[in-house]
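Written below as structure tokens is the structure these notes are about.
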Amino acid sequence: MTPSLAPLRAPLRCHPATPGGVALAVSAEVHPRAEGLHLSYMLRGDIAALCIPSPAAPVATDGLWQHTCFEAFVAVDGEAAYQEFNFSPSSAWAAYRFCAERARDAVAEGQRPVRLPAPQVSVTSEALTLTTRVPASALPLSPAVLSIGLSAVIEERSGRLSYWALHHPGTRPDFHHADGRTLRMAAPLI
């Protein structure tokens, strides 16, 4: 597949093993730019029926995936190493590096620490939009093609979690699986 340089917008699909109790539509958009990847996530439906984290300081925070958050998984196409970026509507964020599926690479994280800009969030009774940027300096240092997976975890007021992604490769939700990274884009040049 030829990598794209154009913005891509696609629906995220709920994993069938985690159906939500609230009718939702979730989509994501990625714009490759010289300064990095610009991401937008759109959630439409009964927002009042969801648990949306309250605004807070934009700090690095672990465990965002346990509540409503939006995620991007980025790798050099064909390589086992990848990065995970999490964005909460609270403006908290997280960035991780992995040398293989679910194998954290603490050495690489220490060598190239990441600081992400606070996401911008807009919430109405019928929609939530989160926009953010992953700086080129936080992406793999390669002129190669990137493979990208976009996903979301949505928490309902009942506590139920649903898992959304461009593609679900397994019978259980697994955003780390390489087959979930279905977008191909040219890496931003830094």
Side-chain angles (χ1 to χ4, degrees), residues 1 4 6-32 37-55 61-75 82-96 98 101-102 116 118-134 139 146-185:
M1 175 186 288
S4 174
L8 296 171
R9 183 177 185 160
L12 301 184
R13 303 190 192 301
C14 186
H15 194 285
T18 65
V22 177
L24 299 173
V26 184
S27 62
E29 198 170 285
V30 60
H31 298 259
L37 299 177
H38 287 245
L39 304 168
S40 294
Y41 296 88
M42 287 72 63
L43 172 59
R44 301 199 191 297
D46 182 5
I47 302 302
L50 305 178
C51 284
I52 305 300
S54 299
T61 306
D62 284 328
L64 295 177
W65 55 270
Q66 296 172 4
H67 304 283
T68 298
C69 82
F70 302 92
E71 303 180 348
F73 291 79
V74 181
Y82 64 98
Q83 294 166 261
E84 175 184 356
F85 303 99
N86 300 169
F87 308 98
S88 171
S90 72
S91 32
W93 55 271
Y96 307 100
F98 296 86
E101 190 171 320
R102 295 187 183 276
L116 297 175
Q120 301 298 310
V121 180
S122 170
V123 181
T124 68
S125 62
E126 299 174 352
L128 180 149
T129 302
L130 181 142
T131 58
T132 193
R133 180 175 58 86
V134 177
L139 296 169
L146 299 179
S147 62
I148 301 171
L150 302 174
S151 53
V153 176
I154 307 300
E155 182 180 18
E156 298 175 13
R157 289 206 178 271
S158 67
R160 174 187 277 177
L161 296 174
S162 57
Y163 298 88
W164 300 72
L166 292 171
H167 174 69
H168 294 284
T171 58
R172 302 294 309 159
D174 183 0
F175 299 155
H176 289 261
H177 196 289
D179 291 344
R181 297 190 291 270
T182 57
L183 292 181
R184 301 293 181 269
M185 301 190 107

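We're numbering straight along the sequence, starting at 1.
- In this structure, the side chains of L116 and T132 stay at 4.5 Å or more apart for every pair of heavy atoms.
- Aromatic ring centres of F98 and Y82: separated by under 6.0 Å.
- Taking the side chain as every heavy atom from C-beta outward, E126 and R44 never approach each other to under 4.5 Å.
- In plain terms, the two heavy atoms of I47 and A127 that are nearest each other are CG1-N, 3.4 Å.
- For the pair A72 and L150, the tightest heavy-atom approach, listed with the atom from each and the gap, is CB-CD2, 3.9 Å.
- Pairs engaging residues 8-28 under the salt bridge (Lys or Arg N to Asp or Glu O under 4.0 Å) rule: R9-E29 [sequence neighbours left out].
- Between W164 and L24 there is a side-chain heavy-atom pair separated by less than 4.5 Å.
- Side-chain atoms of T129 never come within 3.5 Å of backbone atoms of S122 as a donor-acceptor pair (strictly under, hydrogens ignored).
- The closest donor-acceptor contact from the side chain of T18 to the backbone of Y163 lies under 3.5 Å.
- At least one side-chain heavy atom of L37 sits under 4.5 Å from a side-chain heavy atom of P32.
- In the model, E155 has a side-chain atom that pairs as donor or acceptor with a side-chain atom of H67 under 3.5 Å.
- Looking at heavy atoms from C-beta onward, S40 lies out of side-chain contact with H38 at the 4.5 angstrom threshold.
- Shortest non-hydrogen contact noted between T171 and H15 is O-CE1, 3.0 Å.
- Note on residues 159-179: pairs passing salt bridge (Lys or Arg N to Asp or Glu O under 4.0 Å), not counting sequence neighbours, are R102-D174.
- Across all their heavy atoms, E156 and G20 have their closest contact at OE2-CA, 3.1 Å.
- Two residues are said to be in side-chain contact when any heavy atoms from C-beta on lie closer than 4.5 Å; S91 and P119 meet this criterion.
- With a 4.5 Å cut-off on side-chain heavy atoms, V121 and F87 do not count as touching.
- By the side-chain contact (heavy atoms from CB on, under 4.5 Å) test, A165 is found to be paired with S151, H168, F175, residues two or more places apart in sequence or in another chain being considered.
- In this structure the side chain of I148 never reaches within 4.5 angstrom of the side chain of R181, judged on heavy atoms.
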Worked check of side-chain contact (heavy atoms from CB on, under 4.5 Å) between Y96 and D62 = CA-CA 10 Å; Y96 307 100; D62 284 328; 2.5 Å; yes
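- Partners of A10 under the side-chain contact (heavy atoms from CB on, under 4.5 Å) rule, at least two apart in sequence or in another chain, are L166.
- How far OG1 of T68 is from CG of L50: 6.0 Å, rounded to the nearest 0.5 Å.
- Sequence neighbours left out, not one pair with a member in residues 85-96 passes salt bridge (Lys or Arg N to Asp or Glu O under 4.0 Å).
- With rounding to the nearest 0.5 angstrom, the NE2 atom of H167 is 8.5 Å from the NE2 atom of H177.
- Scanning both residues, A178 and E101, for their nearest heavy atoms gives N-OE1, 4.2 Å.
- In this structure, the side-chain contact (heavy atoms from CB on, under 4.5 Å) partners of L64, at least two apart in sequence or on a different chain, are T61, C69, N86, S88, A92, A94.
- Separation of atoms OG (S147) and CZ (R184) is listed at 4.5 Å; rounding is to 0.5 Å.
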